[in-house]
Amino acid sequence: VKGWLSVGLCGCAAADGPRALAPEPSLEPSLEIGTGTQAFLPVQGELELVAGPQGGWHVDVALRATGIDPEGAELVWQGEDAETGERVTFVTTARLSGNSVLPTEEGWERVGDRLVFEIGSPQEVLGAELTVSASLSAGALALEPRLTATVVDLTP
Amino acid sequence: MRGRVVWWVLAPGCGQTEPEPDGADEQPPGLSQPPEPEGPRGRLLVEELYYAGSPPMGGADHYFSDQFIELVNVSDVPVLAGGLLVGDVFGLAGAINPGDEPDAHADDAERVYLQNVWQIPGAPDEVIVPAGGTLLLAHDGVNHSPSSVVDLSGADFEAFVAGSERDEDSPTVANLQEVHFTGGYDWLMTVFGPSVVLLEPGTALEPFDEGWVELRTAPADSVLDAVEALMDADSGAFKRLPASVDAGFVHVSGTYTGESVRRRKIGDQWQDTDDSGADFERLAVPEPSP
């Protein structure tokens, strides 16, 4: 959708489909884990626990990418207890397209994915160290950045 | 893979609306002009409707934010889609609770009675669905994993309720325009089976006082396409649409089954007999275009 919007507002080349974000050849493939539902926000050591709109608790996770074509890329998120390595979240998956990411000058950002905890109470994870992994497969390219942060409740 | 979402918005002054320089319209031998966009009647149909909600997964037992409506351009020319209206029709889907009686207005052959109405933004030529292309309208334009297998983060439009504090505005999906919304924090179609109509742009809507809820009505001849879903095979008395608009109905096997209904395709032809019971079939897993 950003594709058509940018085409519609910024240029006159009629797009004939979702905007294919070709990898920027001058940039090495890179992938950074962040947070945010509206825009990519770097993680500053903490991830906020959020009550889901239909129950459950999750953290919002996001990606910032350069040098990677998102079209058809397979994305798998999961979270582990940083101390034990035990998976503590459900696995979140997505098949990306040019329509489902936000274009940036150097690549794209993916926002709005949720990492939902397999817990009965938020107390089970508040204060815990969570290791988030994002496994991305795009053609022959495979990347799996990881990030460890403390799960916190920022809303009293 | 089915036809992918292929459409675009023409900004004012761009593309086909821009006067061409002298001689620009002269075609080299052997090349033909691209077809001009045409109106949606007879060309734009409901391809798939997913309303039932997801089976328990990912920590959610009754997940419904993954609902979507997908439209398809069945013609071989681009179709003008800006300004189209889409709405769900008033009435129970069946005898959900003991004592429920049919309450819809299917006996009025002249009008359809709408509980909610949304509009695709823009002038007709600002949203164009190419030949064979689709238009995906989402309840919430986000990735619903792990609570559902449906990822709507690449949808074309979503129903965002600006006045709600619980509806999230997806940055990757444009918003439908709210025309008539009767409550709740998002456009939730009944998971028991909604009836959805697609209306001509510019359709004059009239208010109708149902008593406990304010409806809008539209002339039946303004309906471009419709799909009628009810609770189960025994719910025919609860039909909401007059037979002139839709002669039948379709249903899934239950709520929160993850099933959708999709228009049948016979060879290369989409079936459109104005009878949802004949035109639609049940899908075990929704298949929105990516």
Side-chain angles (χ1 to χ4, degrees), chain A residues 1-19 36-40 50 52-58 60-62 70-72 75-78 89-103 108-120, chain B residues 1 3-18 34 53-54 57-66 78 122 126-128 130 133 136 140-149 151-158 166-175 185-186 289-290:
Chain A
V1 169
K2 296 80 47 216
W4 64 256
L5 205 54
S6 59
V7 167
L9 300 178
C10 306
C12 292
D16 60 357
R19 198 169 76 85
T37 59
Q38 298 296 308
F40 179 93
V50 179
Q54 293 186 46
W57 291 271
H58 68 268
D60 292 311
V61 285
E71 201 65 43
L75 173 61
V76 179
W77 291 101
Q78 65 177 21
T89 69
F90 294 97
V91 175
T92 296
T93 61
R95 182 179 173 87
L96 306 186
S97 70
N99 281 351
S100 64
V101 298
L102 298 167
W108 49 269
E109 294 174 354
R110 164 81 177 180
V111 300
D113 286 322
R114 293 171 179 165
L115 206 43
V116 180
F117 289 96
E118 292 190 64
I119 55 175
Chain B
M1 187 176 73
R4 57 191 300 176
V5 177
V6 277
W7 63 284
W8 62 91
V9 169
L10 298 177
C14 283
Q16 290 132 313
T17 60
E18 182 79 12
S54 180
M57 67 173 74
D61 289 336
H62 297 92
Y63 193 84
F64 49 74
S65 296
D66 53 348
E126 289 182 311
V127 179
I128 295 178
L136 183 57
D140 278 337
V142 301
N143 180 16
H144 296 280
S145 175
S147 301
S148 163
V149 299
D151 182 354
L152 298 177
S153 59
D156 297 294
F157 294 99
E158 67 169 347
R166 294 181 60 187
D167 195 11
E168 208 162 84
D169 190 2
S170 169
T172 59
V173 180
N175 293 334
Y185 65 88
D186 209 340
S289 295

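Chain naming here is simple, since letters A, B, ... match the order of the sequence lines and numbering starts at 1 in each. Excluded from the calculations below are hydrogen atoms, water molecules and symmetry mates; all remaining heavy atoms, backbone and side chain alike, are included.
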Within-4.5 Å side-chain heavy-atom neighbours: A/Asp113 and A/Leu75: yes
Toward chain B, the part of A/Gln38 with a non-hydrogen atom under 4.5 Å: both
Residue part contacting chain A, namely of B/His62, when any heavy atom lies under 4.5 Å: backbone
Region of A/Arg114 in contact with chain B, defined by heavy-atom distances below 4.5 Å: both
Heavy-atom contact with chain A under 4.5 Å, split by part of B/Phe64: both
Distance-only polar pair, side chains of B/Ser65 and A/Gln54, donor-acceptor under 3.5 Å: yes
Residue part contacting chain B, namely of A/Val111, when any heavy atom lies under 4.5 Å: side chain
Polar side chain donor-acceptor pair, A/Asn99 to A/Ser97, under 3.5 angstrom: no
Beyond-backbone contact of B/Asp140 with B/Leu152, side-chain heavy atoms, under 4.5 angstrom: no
Test side chain to side chain contact (heavy atoms under 4.5 Å, CB included) applied to A/His58 and A/Thr89, step by step: CA-CA 8 Å; A/His58 68 268; A/Thr89 69; over 6 Å; no
